[in-house]
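Just so you know, these numbers come straight off a predicted model, no measurement behind them. Residue numbers count from 1 along this sequence.
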Amino acid sequence: RGFLQNLEKALVPGDPGEEPDLTLIPEADRYLVRAALGGKAHLLITTDEELRRALEEAGLIPVRSRGEFLKEYLGAEEGSP
């Protein structure tokens, strides 16, 4: 079984001593949060409401729904010269 079926086989870059508390994050989404944190992402955009709520509660990384992000992004474009 490969890493797509066994998430424990996935390698995520980052300091192995820094394991964030992911207890609020759904098990199936923890690889994604680890990757975002390891890559020092500034924002995670998702269509998964359960993940969005969990990330907001955990405060690990800023998160926006796809709809929120598009409104912000397109609104900012309208104001550009």
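- In the model, Thr23 has a side-chain atom that pairs as donor or acceptor with a side-chain atom of Asp21 under 3.5 Å.
- Atom CD of residue Glu49 and atom CD of residue Glu56 lie 8.0 Å apart, to the nearest 0.5 angstrom.
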side-chain contact (heavy atoms from CB on, under 4.5 Å) between Asp29 and Leu55, intermediate numbers included: CA-CA 10 Å; Asp29 296 321; Leu55 281 169; over 6 Å; no
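- Note that CD of Glu72 and CD1 of Ile45 are 9.0 Å apart. Values are rounded to the nearest 0.5 Å.
- Using a 4.5 Å cut-off on side-chain heavy atoms (C-beta onward), His42 and Pro62 make no contact.
- Salt-bridge formation is not detected for the pair Arg53/Glu57: no Lys NZ or Arg NE/NH1/NH2 atom is positioned less than 4.0 Å from an Asp or Glu carboxylate oxygen.
- Of the charged side-chain nitrogens involved, none lies within less than 4.0 Å of a carboxylate oxygen, so that Lys71 and Glu68 do not count as a salt-bridged pair.
- The hydrophobic clustering, which links ILVMFWY residues whose side-chain heavy atoms are closer than 4.5 Å, places Leu24 and Leu60 apart.
- Of all heavy-atom pairs spanning Ile25 and Ala58, the tightest one is CD1-CB, 4.4 Å.
- Between Leu32 and Leu44, the closest side-chain pair of non-hydrogen atoms falls below 4.5 Å.
- With rounding to the nearest 0.5 angstrom, the OG1 atom of Thr47 is 6.0 Å from the CZ atom of Arg66.
- Salt bridge status for Glu27 with Arg30: present, with a side-chain N to carboxylate O gap under 4.0 Å.
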